[in-house]
There are 2 protein chains.
Amino acid sequence: MATIRDVARLAGVSVATVSRVINKTDFVNPETAAQVLKAIEQLQYEPNAVARGLAGKKMGIIALILPDILNPFFPALARGVEDEAQKKGLTVILGNSDDLGLKESTYIKDLKKKYVDGFIFASNTIREEDVESLRKEGIPIVLLDRGLNTASCPVIRSNNRAGAKLAVQHLIERGCQKIAHIYGPQEFITARERLLGYEEVVGELEGYSPSLMVSGKFDIESGRQGVEHLLTRHPQIDGIFAGNDLMAIGALKALRERGILVPEQVKVCGFDGISLTEITEPELTTVAQPIYEMGGLAARILLNEIEGGGRENTIIELDVALIPRKSTR
Amino acid sequence: MATIRDVARLAGVSVATVSRVINKTDFVNPETAAQVLKAIEQLQYEPNAVARGLAGKKMGIIALILPDILNPFFPALARGVEDEAQKKGLTVILGNSDDLGLKESTYIKDLKKKYVDGFIFASNTIREEDVESLRKEGIPIVLLDRGLNTASCPVIRSNNRAGAKLAVQHLIERGCQKIAHIYGPQEFITARERLLGYEEVVGELEGYSPSLMVSGKFDIESGRQGVEHLLTRHPQIDGIFAGNDLMAIGALKALRERGILVPEQVKVCGFDGISLTEITEPELTTVAQPIYEMGGLAARILLNEIEGGGRENTIIELDVALIPRKSTR
DNA sequence: CTGAAAGCGCTTACAG
DNA sequence: CTGAAAGCGCTTACAG
């Protein structure tokens with residue numbers, strides 16, 4: 001592969017000049033520039049990204065750290081990030097953290113050594129100190145679904161509370177009187193907000209009781225278990241709002257196993273809008289987050305900061321939308 | 001951050017010596033080594049991966065190029081690759097090719113500039129020339145699900161033909177007489193092999209007709225359409241072997257819409273073993289590939305070659321397993 | 001067993 | 001407008 005020296009030699013200029021025309025970092029006499037361009041063309045020269053990275057401390061790579069790509073929420077997010085990154089010629093490193101703070105710290109340490117341009121964390125366990133240390137070194141970072149305690153970097157998330165209210169109101173409109181909630185892990189702000197939205201609407205209903213809320217782990221199995229607990233406590237429930245789609249799917253399974261008809265006897269609504277909701281039977285009503293767009297937006301904000309566009313430590317809440325389907329008909 | 005010079009200075013040795021103890025690349029007097037280690041400890045020194053990459057032409061990154069992470073087949077593959085890569089301290093860059101040869105070529109060009117250590121292609125469209133050019137430059141590469149025309153690098157895939165035979169035999173055992181097949185794009189070797197396996201078994205059946213085969217695109221929608229075509233031609237079919245799980249899911253949908261009972265009237269079997277098959281109603285019988293393991297194996301073979309372990313241009317065919325579920329009960 | 005020096009291929013003040 | 005030179009932080013023959 002040709003190097004910048006080869007180009008310089010062929011064009012009869014210095015490597016500094018070649019560098020300038022490549023990076024448009026300084027004015028160059030149009031004629032010499034033309035010479036250089038010709039030489040580049042002729043040699044099929046492509047700048048070496050690693051040498052450039054070493055000199056500039058940026059490799060043209062962004063890191064996306066998420067809990068687990070096997071969780072059906074994340075592929076769309078990853079795709080959103082990747083598509084946006086590619087438009088700008090950057091590549092993305094993918095890391096699964098399994099929501100383990102240790103794995104995240106390890107990634108941060110490893111990837112700093114690789115001069116990654118920036119980080120996107122779609123992970124609930126990122127440590128405050130890790131965020132701070134990156135900030136201090138001037139490495140841009142964007143967070144998804146994080147608390148507002150730290151306003152030291154941009155945060156992107158959906159309007160979870162409003163979404164939860166949409167879900168519960170929808171169930172009420174469809175005639176539900178006794179609406180239960182299977183909530184996710186309360187260390188996740190998303191889960192907390194959704195629970196709050198649920199309480200806000202349902203608290204005013206007659207016959208409401210806190211025992212209509214059961215905990216789950218945001219996975220299918222815990223959704224199933226949640227239903228079992230609920231049914232022993234409240235056999236008369238006629239609506240279930242699950243804190244995410246996976247738990248809603250588990251709920252659907254449990255109900256079917258017990259011969260309870262959805263939506264005739266119990267209506268079910270999920271949250272997230274992952275594509276799985278289209279293949280259940282009945283198809284699942286859900287509050288859809290713009291997952292792909294969230295990934296894209298996170299990438300755009302990050303890239304903007306990487307390119308020196310300045311940082312805005314805003315919290316951006318995206319709108320969600322209720323998608324009514326058969327499970328609440 | 002401390003550099004190797006800082007360490008050398010503190011330890012009172014040359015940078016060459018420090019490099020040697022870090023990389024265990026040469027014998028170093030145990031006492032000086034201890035000095036160096038102490039200095040490293042004291043300065044919290046971590047070698048800069050980019051500088052190392054520039055010198056050694058390897059960044060400690062492997063590239064995984066797949067068609068689309070949104071396709072539920074690929075997250076498990078990606079996870080298998082990542083877990084294995086991480087064990088060795090490498091990170092993985094993820095690229096979506098959308099099965100477009102152009103995107104793949106672009107990735108290859110970009111990532112070569114970044115001194116990626118090796119490539120894993122889980123993509124059917126990789127060009128022969130691209131493979132060759134990588135080989136020529138000594139960049140290791142492993143292919144998934146590729147033809148055997150090119151024996152210039154290791155190929156990993158499942159035993160697709162045997163799997164198809166398992167599926168069809170299972171349908172026969174369950175009493176099916178008229179078994180249709182929705183096959184995937186024939187430019188994919190996986191789709192071809194599965195079709196061949198189907199023909200092999202079903203060709204001996206009475207009343208078999210080639211019109212029992214209809215084409216699909218490996219997605220849900222085409223599975224649904226496949227069923228519609230089949231039913232107009234052969235209203236009496238009682239078994240369907242879909243070329244992959246997504247098409248099987250589409251088939252399930254189409255059958256339900258027409259009020260045809262599965263498994264009572266028609267039994268359905270898919271292929272791949274993606275997790276979606278557990279949430280359909282009825283749950284889907286499928287031929288499971290060891291997807292996660294395939295990713296892990298691909299990574300291990302690649303890493304072995306990266307570490308100089310030599311290359312074996314073998315084609316490895318992994319066993320598949322039939323998972324009987326309600327859709328064929 | 002260890003060091004001095006060149007090299008990996010760029011970028012970027014500093015001069016002119 | 002352009003060049004010489006230092007620097008980014010390592011590795012690796014080559015001597016000794």
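Reminder, nothing fancy here: chain letters follow the sequence lines and each chain counts from 1.
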- Query: Are A:Glu129 and A:Arg135 within salt-bridge range, i.e. N to O under 4.0 Å?
  - Reply: no

- Item | Distance below 4.0 Å between B:Ser14 side-chain N/O and C:dG3 OP1 or OP2 | yes

- Note on the structure: As its Watson-Crick or G-U partner within any shown strand, both distances under 3.5 Å, C:dC14 has D:dG3

- A:Tyr115, nearest nucleotide to its side chain (from D:dG9, C:dT2, C:dG9): D:dG9

- Task: Name the nucleic acid region contacted by B:Asn23, choosing base, sugar-phosphate or nothing; use a 4.0 angstrom heavy-atom cut-off, strictly under.
- Result: sugar-phosphate

- Query: Out of D:dC1, D:dC10, C:dC10, which has the shortest distance to the side chain of B:Arg52?
  - Reply: D:dC10

- Testing D:dA4, C:dC10, D:dC10 for proximity to the side chain of B:Asn48, the answer is D:dC10

- Item | Options C:dT11, D:dC1, D:dG3, nucleotide nearest the side-chain atoms of A:Thr17 | D:dG3

- Message: So if I take every side-chain heavy atom of B:Arg20 and compare against D:dT11, D:dA4, C:dA4, which nucleotide ends up nearest?
- Response: C:dA4

- Message: Rounding to an integer number of Å, can you tell me how far B:Lys24 NZ sits from D:dT12 C1'?
- Response: 18 Å

- Query: Rounded to whole angstrom units, what separation is found between the CG atom of B:Leu54 and the P atom of D:dC8?
  - Reply: 14 Å

- Note on the structure: The residue, B:Asp26 or A:Tyr45, whose nearest nucleotide of DNA chain C is more 5′ is B:Asp26

- Under 4.0 angstrom, heavy atoms only, what part of the nucleic acid is A:Val50 near: base, sugar-phosphate, or nothing? nothing

- Message: Using whole Å, what does the distance between atom C1' of nucleotide D:dC10 and atom CD1 of B:Ile40 come to?
- Response: 13 Å

- Query: Can you find a side chain N or O atom of B:Thr32 that sits less than 4.0 Å from OP1 or OP2 on C:dT2?
  - Reply: yes

- Item | Sidechain N-carboxylate O distance under 4.0 Å for B:Lys114, B:Asp110 | no

- Message: Distance check needed: C:dT2 P versus B:Arg9 CZ, whole Å only.
- Response: 20 Å

- Item | Whole-Å distance separating the NZ atom of A:Lys57 from the C1' atom of D:dG9 | 8 Å

- Message: Please report the distance, rounded to the nearest Å, between NZ in A:Lys58 and P in C:dT11.
- Response: 12 Å

- Whole angstrom value for the distance that separates P of C:dG9 from NZ of B:Lys112: 15 Å

- Message: So if I take every side-chain heavy atom of B:Asn29 and compare against C:dC1, D:dT2, D:dA13, which nucleotide ends up nearest?
- Response: C:dC1

- Task: Assess whether atom CD of A:Glu137 is packed by more than 12 heavy atoms of other residues, nucleotides or ligands within 6.0 Å.
- Result: yes

- In whole angstroms, how far is the C1' atom of D:dG9 from the CD atom of B:Glu46? 14 Å

- What's the closest nucleotide to the B:Ala55 side chain, out of D:dT12, C:dT11, C:dC8? C:dC8

- Query: More than 12 heavy atoms of other residues, nucleotides or ligands under 6.0 Å from CG of B:Asp319: is that the case?
  - Reply: no

- If you draw a 6.0 Å radius around CZ in B:Arg5, do more than 12 non-hydrogen atoms from other residues or ligands fall strictly inside? no

- Item | Under-4.0 Å salt bridge between B:Lys87 and B:Glu84 | yes

- Determine the contact category for B:Ser19: base if any of its heavy atoms lies under 4.0 Å from a base atom, sugar-phosphate if only primed atoms, P, OP1 or OP2 are that close, otherwise nothing. base

